[in-house]
There are 2 protein chains.
Amino acid sequence: MAPKQKGNVDIVAVAKAAKVSPSTVSRTFNHPDLVSPATRKKINRAVQKLGYVRNRAAQMMHGKRSGTIGLVVPTINHAIFAEVIQAFSDAIDQEGFTLLLASHGYDLDREYEMVRKLMEHRVDGVALIGLQHSAATSRLIAQQETPAMAIWNYTEDSELPCVGADNRLAGRMAAEHLLELGHRDIGLIFPDTRGNDRAQYRLSSALETLQKGGVSVPEDRMSEAPYSVAQAKQAAIRLLSGPARLTALLCGNDVIAQGAVYGAQNCGLRVPGDVSIIGIGDFKGSADIEPGLTTIRIPAETIGTLAGQRFTAYITSETREQFRLRCRLERVVRGTTCSAA
Amino acid sequence: MAPKQKGNVDIVAVAKAAKVSPSTVSRTFNHPDLVSPATRKKINRAVQKLGYVRNRAAQMMHGKRSGTIGLVVPTINHAIFAEVIQAFSDAIDQEGFTLLLASHGYDLDREYEMVRKLMEHRVDGVALIGLQHSAATSRLIAQQETPAMAIWNYTEDSELPCVGADNRLAGRMAAEHLLELGHRDIGLIFPDTRGNDRAQYRLSSALETLQKGGVSVPEDRMSEAPYSVAQAKQAAIRLLSGPARLTALLCGNDVIAQGAVYGAQNCGLRVPGDVSIIGIGDFKGSADIEPGLTTIRIPAETIGTLAGQRFTAYITSETREQFRLRCRLERVVRGTTCSAA
DNA sequence: AATAGTATTGCAAACGTTTTCATAAATCTT
DNA sequence: AAGATTTATGAAAACGTTTGCAATACTATT
């Protein structure tokens, strides 16, 4: 059926089969209006018969766009990033772009390597998670004049165009919620903040808000946990079985919060009766656990979609005007928080 | 610091800056042993100064590999695929490849489009999830002679090289577990099996095993649920509040199983006291919920890593000998199953 | 029926590399 | 110290496209 010319089906093979010149074949793809319908039909038949597939690398060499966008994330294996990646991928796919994906495991030096690698493939743009990046990365982006953007975090003075949420506000909202409920003895469980501006912002603003509310959080009420339910559970147990009688736990993200819920239950404490727990993120599944997790919702899907749409528009436009989109946060009160005593 | 030649830093710019010919520059990258140390140093300095970044598209035009591998998944936004993608990405990255990722939402026609799109970018190989694909997809792969492999599912007679688990066995193991515990009234909740051979295999072999064990599962004990805790919960409630007095639920994957646990609890049934529940997959988090989910573990990370390693080896080898790897399944008994009454 | 357009096609250069071949310089033979 | 190797470099062709320009074949105008 498909005669496959030992794999070397290129535009000139098609031209030969259709008895026209390569130029005409090329034009049929790129400017069909300049080619007569009859010729077009001949060419399409030849394309069909030979199973020709366009070679974008070769096109690219004429200043055409590669049609790829690079996305560099800390990790793929994460409810929240998975959701962003999916939405971003769908959005750029809609515009004919393909996703080049790389992850760096929260290591900013590896992030640089990944960006470099993507640039070797001449991506039309590179999207990064968060606004904190190594100087080398910024220099590289500037030097190559590759369009770049930040996803997930928003600040009004960001260097890069960005689409995301205000993580400082997220930390504040979580703290305010606990404050409003009358909690004074509050523990914090956060991930390592190095190279993770999202967590950094959340933590510092939560702390600040609590302070302003007259609540101080000494060292022994803070704990660090990686992105893992099991380890967060351990961290919560440590905190809750310590000397301080905590009535609330503020967690850096929903996975940690989920672990904290199990940890509290494990200590024989009822949630929210004995201890209130709030997360940040509203991951898929946070609504489903029992009791439903109270959290500050960050609209991952919306962010991914918007980021994809804006970025492709940015890339294809001539003007290249900066954009900064702040996505609204939402306090989602479910079953893991209630007023203190 | 970096003078950036209006973005047109190519190999001849470097050559000019280092006062050598472009050939020598090229050689410095590809066959450094053929160029004198002194010259190499000059060239590296020029590269540094101009911020030159290799152009793989241009290399590719000389029969060099593109250095990219395409991965087409049903969806990224899925605990289980996210884990595979991460592991696969890391494994191929190790070998210098970059990941081109696309998703099709369980639509085999869209899968074809995605494969085609990846081939336009001349990926060095394309990995697909599962063994069931449209005829068009298979034809395209054969015609283009692009190395291809299947991830996640294993059968000994697969057309494509594959790394995965035997999903038939998974279904059987889950059914056997319930049978061994003495359950006779068993309900099934599975996702839509169209275009999803993993679910198909699991379902049919579970059904078959139950049958052999003398347990029949009439239509009204089967329910369909998409990949969503909330909807699985509803499906479980429907099943458990029906006329049949079910003592066990066999779920097509862990997300559904988790929903089923909540559904059972919602019906006032204790798990596993009143109803046993088993899932398939052992997703991240399945161990953490309360009670821990009994499941058939499919080692996603191992599969992803192995797939990446084997595929890159396959691609870079001359011989191209087929490979088929079956990853071991494991029955993980946690807290959601116990013997019938 | 001759002229001026217009629609369609082909030629050839260009894109940024790699690689074969040829050449020049350095080193080794004896 | 002359030839024989070996080492280091450069020139040019090739890869698969796109596109500006030139050429040809139509069509419309008078």
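Just the heavy atoms: all of them, side chains too, but no hydrogens, waters or symmetry mates, feed the values below. Just so it is clear: chains get the letters A, B, ... in the order the sequence lines come, proteins before strands, and each one is counted from 1.
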K.L.:
Can you tabulate the close N/O pairs, meaning under 3.5 Å, that link protein atoms to atoms of nucleotides 4-7 of chain C?
P.N.:
none

K.L.:
State whether B:T39 places a side-chain N or O below 4.0 Å from either non-bridging phosphate oxygen (OP1 or OP2) of D:dT9.
P.N.:
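True: B:T39 side-chain N/O within range (under 4.0 Å) of D:dT9 OP1/OP2.
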
K.L.:
Spell out protein contact along nucleotides 10-21 of chain C as letters: B when the base is contacted, S when just the sugar-phosphate is, - when no protein heavy atom is under 4.0 Å; keep the 5' to 3' order.
P.N.:
BBB-BBBBBBB-

K.L.:
Can you find a side-chain donor-acceptor pair between A:Q200 and A:N196 that sits under 3.5 Å?
P.N.:
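A:Q200 vs A:N196: no donor-acceptor pair found between side chains.
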
K.L.:
Between the side chains of B:T98 and A:H121, does any donor sit under 3.5 Å from an acceptor?
P.N.:
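On atom types as modelled, these side chains qualify, holding a pair under 3.5 Å.
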
K.L.:
For A:S21 and A:T24, does a side-chain donor sit closer than 3.5 Å to a side-chain acceptor?
P.N.:
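A:T24 and A:S21 do have a side-chain donor-acceptor pair below 3.5 Å.
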
K.L.:
May I ask you to check whether B:S134 and B:E111 show a side-chain donor-acceptor distance below 3.5 Å?
P.N.:
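The criterion, which ignores hydrogens and geometry beyond distance, is not satisfied for B:E111 and B:S134.
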
K.L.:
Please report the shortest heavy-atom distance between A:S103 and B:D90, naming the atom on each side.
P.N.:
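Between these two residues, the closest heavy atoms are OG-OD1, 3.7 Å.
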
K.L.:
Ignoring hydrogens and geometry, is there a side-chain-to-backbone donor-acceptor pair from A:K16 to A:P22 under 3.5 Å?
P.N.:
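No; judged by distance alone, with no hydrogens or angles, the pair does not exist.
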
K.L.:
Which of these passes side-chain contact (heavy atoms from CB on, under 4.5 Å) with A:F88: A:I303, A:L99, A:T305, A:V163?
P.N.:
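With A:F88 as partner, A:I303, A:L99, A:T305, A:V163 yield a single side-chain contact (heavy atoms from CB on, under 4.5 Å), made by A:L99.
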
K.L.:
Check whether any side-chain heavy atom of B:L101 lies under 4.5 Å from a side-chain heavy atom of A:S89, and answer yes or no.
P.N.:
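Of all side-chain heavy-atom pairs linking A:S89 with B:L101, none is under 4.5 Å.
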
